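The structure appears below as C-alpha cells.
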Number of protein chains: 2
Amino acid sequence: MNLKQLAKELNLSISAVSKALRDSHEISPATKKAVLAKAKELNYQVNPFASGLRKQKSKTIAVIIPEVVNDFFGPVINGIESIAQEKGYHVLIYLTHEVEQKEVAIINLLQNGRVDGVMISISAQTSDTTHLEALKEKGIPLVFFDRIVERINAPKVITDDYNSGAVATNHLIENGCQRIAFVSLPNKLTITQKRMNGYLDALKNIHIKKDNSLILFCNGDEHKDKDLIRNLLKRKDRPDGIFASVEKLAIITYEVCEELNLNIPADVKVICFSNLKTAGLLNPSLTTITQPAFEIGREAASILFKLIEKKGHHFLLEKTTINSKLIKRISTEKTSGEK
Amino acid sequence: MNLKQLAKELNLSISAVSKALRDSHEISPATKKAVLAKAKELNYQVNPFASGLRKQKSKTIAVIIPEVVNDFFGPVINGIESIAQEKGYHVLIYLTHEVEQKEVAIINLLQNGRVDGVMISISAQTSDTTHLEALKEKGIPLVFFDRIVERINAPKVITDDYNSGAVATNHLIENGCQRIAFVSLPNKLTITQKRMNGYLDALKNIHIKKDNSLILFCNGDEHKDKDLIRNLLKRKDRPDGIFASVEKLAIITYEVCEELNLNIPADVKVICFSNLKTAGLLNPSLTTITQPAFEIGREAASILFKLIEKKGHHFLLEKTTINSKLIKRISTEKTSGEK
DNA sequence: AAAAATTACTAAAACGTTGTAGTAAATAAA
DNA sequence: TTTATTTACTACAACGTTTTAGTAATTTTT
C-alpha cells in the first residue's frame, strides 16, 4: 500500500493525499477526513526509506556502548528508549565490547545519514578519537554520556566523578582503611582519571601519598582482570580497602576474596561505582556509589533531540552533571576488632 | 558525497560507478580499481535510504523485548548483536515494558519495510496476538524466543521449560520441601504454563496435589508483585520452598525474606530461573536454573537471517530447544536441623 | 464589474540508488 | 569476409515520498 494506490482509490492526486496526511492547509477539511479514513482503512503507512530519502531525515538515533549486560548501561538504554518512544524516534544499538577498532567501524557506518544523531559512551580502549571528530565534522549531532571525550566540543552528560571518588575514598578512610587500592579501567578514560583524582586528593588530605602499586588499570578482559586483582590481594602487603571504579571489577573482587578466603569487610573493605540491583543482597551487601543511570539516559537523549531539532544552535554544548550517591552497606563496615 | 559527484570526478557514468562498487562483471578491472580508490579517497558511503528504497531491503532487524535491565535479555541482545554485526545488519531495539498496548504500537511501526525481520519475546500481558499475525501476513520474517506464541507458525527458540520446571521442583523436594510455592508471571505466557506443568507433575509424582493458594501469578509491576509475595510469606501456613519462574521475582523474594526476617534456606528454600551474574555472591547464594541466554540470542538471530535470505523456505519453521542447567547453591541447601 | 486574492487542488521535479535495456567497439566464429 | 558474440560501458526508468511551481475556480476587494 503506497500513496499512488491510495490516491487512485480516492480519485485524488498523489500530492493531495500526501498533503492531506500531513495536515496541510492547502487541503480542504472534507478531503482530509476522507483521506485519513481511507488511509486507516487500508492500513497505509509512510515508507520510511522514501520519506527518509526525500527529507534527509531518518527519525532514528544510534546508541553506542561497550556492553549491554551491565546494570549501568541497561537503565541508560531504558532512559534513552523512553524519550525516543515519546518523540517517535527509533533506536539502533551498537556494542563495542571495549574494542577501539569496533567503535571506529561502527562510527564509520553512521556517516551516511542512517541516523539523525548519535549517543556514545566510548570504549575503554579508545585513545584515538578522529573517528568521532569526523562524525561531528559531518554535522551529525553527537552526545557523550558517562565515558566522554573531554576535548571534543559536544554535549556531555556525566556524574560528579571527581567528587564521588573523594567521597568513596573518605568513606573507606573513616572506616579505618589505611592502604586503599584503586581498581579501575584504563586511565585513558576521563571517568577513570577523575575518579582517581578524587581518590588521590582524599588520600593527600590525610597525608598519604600516591602508591602506584595500589593503583590497578584493568582492561575489560574478564580473565586478565581477575588475574590482576588476584595478584593484588595475594600480596603480603595487600590493601585493607578496595575502591573499584566499575561494577564488573567489584564482582571480580568478591569472587577473588571468596577464592582466597578473605573476609569482607574484616580483611578488606570494598566500595564500588555500581548500579547492581542486587548490591543489597550480596554476601556481604556491597557499599556503592550509585549513578542515576536512567536519568542519565533520559537527559542525554533529551539533549540529543534538542540538538537534532534545532540544528546549528550552540547553547547546548555544555556539560550536564548529575550527582551520584553513596549507599553505605556492610562491605565497608567497621568490624568489632577495629579501633 | 554521492554517486553523481563520484562519477563526475571519475569521468564515468553513475551506473558504471555503481556497478564497479558492487564488483559487477560488466566493469573492467582497471576501472574498478580506479573507482574503489576514488571512493575510498572521498569517503563515499552508499546512502541507505536510496539503496533501501530501490532494493526494498533495510539491512536492519528489530528486537522487541519487555525490558533491558535484566540478566536474561541483556545477554540475548549480546548474542543477537554478535550475529548481526557479522552479517552487516543493524539492530533496532524496542521495549514493551510488559504492556500489551506498547507491543501492538511497536509492531505496527514495523509494517512498512523499516526492517527485514523481527525477533520478539512477547510481553507478559499480551493475550491478543492479531498484531503479530498481521506482521507475519505482510511477509516479514518473524522469530520468537523464550516467550513465544505457540499457535503462530514461526520459528521459535526456547529452553526446556517443562523439564526445567520439574527439575527445579524435584530439587526442592529432595532437599526436604513439602509446601512448594510457584511464583510466576501471568499464565498467559507459555513459559509460565510449561514451567508450572513441570512443577505440578513433579508434585503429582509424590502424590501432592495442586494447591492454588501456593500458585502466584504476578504481573511485572514491582510494587504489586512485592505485596503478593509478602502476603504469601506472611501466612501462617507459609511455603517452605519457593520456585520463582523469573529472576525479578527471586530478587523480590530475597528482599521480602530479609524484611520478614525469614532465613533462607532454613525457613524457606528458594530456586529460580535466573541468569544473575551475582547469583553466587548473594546472601545466601542463589540456586538457579540458568538459561543459555547468549546462545538463545545467537541461535534466534541465525534463524532469522536464514529466513531473510531464503525467503519462502519453510523448513526452518521448527522449534529449537536449548537446555537450561541447574546450578545448586546455598539457597536450597538442607540445614543442620533437617532430616 | 473588473482586478486581486484566496482556496483547493494537480503536475512534475527532486532525493540517491539499482537494474534493465541499449550501444558502440573489439573480438571470435562461420 | 560477413555475422555472431563478447566487452565495457551509458541512458534511463524505477523505488515512494515531499515540495515547489503552477492553475482553474471561487471569493474578496475596489
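Just so you know, these numbers come straight off a predicted model, no measurement behind them. Quick note on labels: first sequence line is chain A, next is B, and so on, each numbered from 1. These values consider heavy atoms only, across backbone and side chains, with no hydrogens, waters or symmetry-generated copies.
With sequence neighbours left out, the side-chain hydrogen bond (donor to acceptor under 3.5 Å, both in side chains) criterion links B:Thr126 to B:Glu103, B:Ser123. Under the ring-ring contact (aromatic ring centres under 6.0 Å, His included) criterion, A:Tyr44 pairs with no residue at all, not counting sequence neighbours. Evaluation of the salt bridge (Lys or Arg N to Asp or Glu O under 4.0 Å) rule for A:Asp23 yields A:Lys32 as partners, not counting sequence neighbours. The side-chain hydrogen bond (donor to acceptor under 3.5 Å, both in side chains) test applied to A:Arg151 returns A:Thr129, not counting sequence neighbours. In terms of the salt bridge (Lys or Arg N to Asp or Glu O under 4.0 Å) criterion, residue partners of A:Glu41 (sequence neighbours excluded) are, by chain and number, A:Lys38.
At whole-Å resolution of the value, NZ in B:Lys57 and C1' in D:dG16 are 17 Å apart. Taking atom CG of B:Leu3 as the reference point, atom C1' of C:dG16 lies 7 Å away to the nearest angstrom. For the pair A:Lys4 NZ and D:dG16 P, the interatomic distance rounds to 8 Å; values are reported in whole Å. The separation between B:Leu6 atom CG and C:dG16 atom C1' is 12 Å, rounded to whole Å. If you measure from atom CG of A:Asn47 to atom C1' of D:dC15, you get 8 Å, rounded to the nearest angstrom. Rounded to a whole Å, the CG atom of B:Leu53 is 9 Å from the P atom of D:dT17. Atom CD in A:Gln45 sits about 11 Å away from atom P in D:dT17, given to the nearest Å. Atom-to-atom, CG of A:Leu42 to C1' of D:dG16 comes out at 16 Å; the value is rounded to the nearest Å.
Note on A:Asn2: a side-chain N or O is less than 4.0 Å away from OP1 or OP2 of D:dG16. Close to C:dG16, at under 4.0 Å from its OP1 or OP2, lies no side-chain N or O of B:Gln5. At the phosphate of C:dG16, OP1 or OP2 sits under 4.0 Å from a side-chain N or O atom of A:Gln56.
In terms of position on DNA chain D, the residue among B:Ala50 and A:Ser51 whose nearest nucleotide sits closer to the 5' end is B:Ala50.
For the side chain to side chain contact (heavy atoms under 4.5 Å, CB included) criterion with B:Ile191, the lone passing option out of B:Thr159, B:Asp146, B:Ile148, B:Ile158 is B:Asp146.
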Fill in: Candidate pair A:Leu110 and A:Ile140, rule side chain to side chain contact (heavy atoms under 4.5 Å, CB included), full reasoning
CA-CA 9 Å; A:Leu110 301 177; A:Ile140 297 173; 5.6 Å; no

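Remark: B:Ile14, B:Ser15, B:Ser18, B:Lys19, B:Arg22 in residues 11-38 of chain B come within less than 4.0 Å of DNA chain C through at least one heavy atom.
Residues in residues 93-138 of chain A take part in these ring pair (Phe, Tyr, Trp, His ring centres under 6.0 Å) pairs, two or more places apart or across chains: A:Tyr94-B:His90. Sorted by first and then second residue, the salt bridge (Lys or Arg N to Asp or Glu O under 4.0 Å) pairs with a member in residues 78-94 of chain A read A:Glu86-A:Arg298, A:Lys87-A:Glu309; sequence neighbours excluded.
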Write down the protein N/O and nucleotide N/O pairs, taken from nucleotides 25-27 of chain D, whose separation is under 3.5 Å; answer none if there are no such pairs.
none

